[in-house]
Amino acid sequence: MTHHFYQTCAYFTAARYMRTVEGLATQTFQPTGMKPAYSYIMLALEDRHPQTVTNLATTLGYDRSSIYRMVQRLEQRDLVRLYPVGKSATVDLLPNSAAFLKTANQCLSAWGQLTDAKLGPDKAAMTRLLTTNNAKLRS
């Protein structure tokens with residue numbers, strides 16, 4: 001029996017793509033000194049702060065426990081402050097976040113240029129399809 005999942009299975013092709021993307025993103029965001037996911041959180045907070053851990057998790061597509069753990073690490077670096085309130089927690093940026101955010105925004109710009117160059121006109125259509133299909137799978 002010959003399997004065709006190398007090109008036809010949504011799971012395996014997406015997982016292979018994500019491994020490639022993760023490697024390139026790790027290189028691109030290396031100047032921050034942290035994995036790209038931390039920049040993702042910080043940039044979301046730059047857009048709107050404060051935010052709850054739950055809201056960040058929903059917006060970014062992570063488990064709440066993962067966001068909480070990453071926010072704790074950001075707090076250890078004095079970039080954010082975590083304010084627990086009962087079973088909820090709010091996250092806000094600290095003044096020390098400015099330098100990190102400057103670097104993260106430069107990395108994000110470099111990431112955009114890299115993916116524009118490598119993916120060309122397919123990037124916009126692919127991103128739209130990924131966003132639409134993610135919403136379909138989550139519903």
Side-chain angles (χ1 to χ4, degrees):
M1 168 187 248
T2 301
H3 297 287
H4 300 282
F5 66 86
Y6 309 102
Q7 284 94 25
T8 60
C9 176
Y11 172 77
F12 288 109
T13 57
R16 182 177 59 224
Y17 178 81
M18 276 308 302
R19 285 190 296 277
T20 301
V21 166
E22 190 66 36
L24 287 172
T26 297
Q27 289 173 6
T28 304
F29 282 84
Q30 189 277 330
T32 67
M34 300 184 88
K35 294 283 189 181
Y38 293 93
S39 291
Y40 198 34
I41 292 168
M42 293 295 290
L43 293 166
L45 285 167
E46 183 180 41
D47 287 342
R48 194 175 97 239
H49 63 96
Q51 287 192 55
T52 65
V53 169
T54 300
N55 189 64
L56 281 168
T58 300
T59 301
L60 302 178
Y62 283 92
D63 290 332
R64 200 175 87 63
S65 60
S66 296
I67 290 288
Y68 192 83
R69 185 181 71 255
M70 288 188 278
V71 165
Q72 286 178 316
R73 184 153 181 225
L74 291 166
E75 187 176 43
Q76 289 170 353
R77 292 186 174 215
D78 292 323
L79 299 173
V80 301
R81 177 74 63 225
L82 188 60
Y83 300 97
V85 180
K87 290 186 177 184
S88 183
T90 299
V91 185
D92 204 358
L93 295 172
L94 291 175
N96 289 346
S97 67
F100 182 92
L101 284 166
K102 181 178 179 183
T103 302
N105 276 293
Q106 291 168 344
C107 293
L108 182 62
S109 179
W111 176 252
Q113 292 170 10
L114 174 70
T115 56
D116 285 349
K118 290 198 173 273
L119 300 175
D122 292 338
K123 177 182 169 181
M126 179 202 63
T127 304
R128 240 183 341 272
L129 279 171
L130 286 171
T131 300
T132 300
N133 287 339
N134 182 58
K136 287 177 185 177
L137 290 173
R138 287 181 161 268
S139 66

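By the 6.0 Å and 45° rule, Arg73 stacks over the aromatic ring of Tyr38.
We find the OG-CG distance between Ser66 and Leu60 to be 11.5 Å, quoted to the nearest 0.5 Å. Once rounded to the nearest 0.5 Å, the distance linking OG1 of Thr127 with CG of Asp122 reads 10.0 Å. Here the CG-CG distance, from Leu45 to Leu93, works out to 5.0 Å after rounding to the nearest 0.5 Å. One distance of note links OG of Ser39 with CD of Gln106; it measures 11.5 Å at 0.5 Å rounding. Note that CE of Met42 and OG1 of Thr32 are 10.0 Å apart. Values are rounded to the nearest 0.5 Å. Here CD of Glu46 is found 9.5 Å from CG of Leu108. Values are rounded to the nearest 0.5 Å.
Applying the salt bridge (charged side-chain N to carboxylate O under 4.0 Å, His left out) criterion to Asp116, with sequence neighbours excluded, gives Lys123. Considering only residues two or more places apart in sequence or on other chains, Tyr17 meets the ring-ring contact (aromatic ring centres under 6.0 Å, His included) condition with none of them.
Nearest heavy-atom pair, Val91 versus Leu82, reported as atom, atom and distance to 0.1 Å: CG2-CD1, 3.7 Å. Taking all atoms of both residues into account, the shortest heavy-atom contact from Trp111 to Ala25 is CZ3-N, 3.4 Å. When all heavy atoms of Arg64 and Lys87 are compared, the closest pair comes out as NH2-O, 3.7 Å.
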Checklist entry - Yes or no on side-chain contact (heavy atoms from CB on, under 4.5 Å) for Arg77 and Asn96, after CA distance, side-chain angles and deciding distance? => result CA-CA 9 Å; Arg77 292 186 174 215; Asn96 289 346; over 6 Å; no
Note to self: Could you walk me through whether Met70 and Ile67 satisfy the side-chain contact (heavy atoms from CB on, under 4.5 Å) test, starting with their C-alpha distance in whole Å, then the side-chain angles of each, then the deciding distance to 0.1 Å, before giving a yes or no?
What the structure shows: CA-CA 5 Å; Met70 288 188 278; Ile67 290 288; 4.2 Å; yes
If you look only at distance, which donor and acceptor atoms sit under 3.5 Å apart when one is on a side chain in residues 48-59 and the other is two or more places apart or in another chain?
unit_1: His49; atom_1: ND1; unit_2: Asp92; atom_2: OD1; d: 2.7
unit_1: Gln51; atom_1: OE1; unit_2: Asn55; atom_2: ND2; d: 2.5
unit_1: Gln51; atom_1: NE2; unit_2: Ala44; atom_2: O; d: 3.1
unit_1: Gln51; atom_1: NE2; unit_2: Arg48; atom_2: O; d: 2.9
unit_1: Thr52; atom_1: OG1; unit_2: Asn55; atom_2: N; d: 2.9
unit_1: Thr58; atom_1: OG1; unit_2: Thr54; atom_2: O; d: 3.0
unit_1: Thr59; atom_1: OG1; unit_2: Asn55; atom_2: O; d: 2.9

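Without hydrogens or angle criteria, Asn134 side chain to Leu130 main chain gives no donor-acceptor distance under 3.5 Å.
Each of Tyr83 and Tyr68 belongs to its own hydrophobic cluster when Ile, Leu, Val, Met, Phe, Trp and Tyr are linked at side-chain heavy-atom distances under 4.5 angstrom. Placement of Leu94 and Leu101 in two distinct hydrophobic clusters is found when ILVMFWY residues are connected by side-chain heavy-atom separations under 4.5 Å, directly or transitively.
The side-chain heavy atoms of Pro36 and Glu22, taken from C-beta on, include a pair separated by under 4.5 Å.
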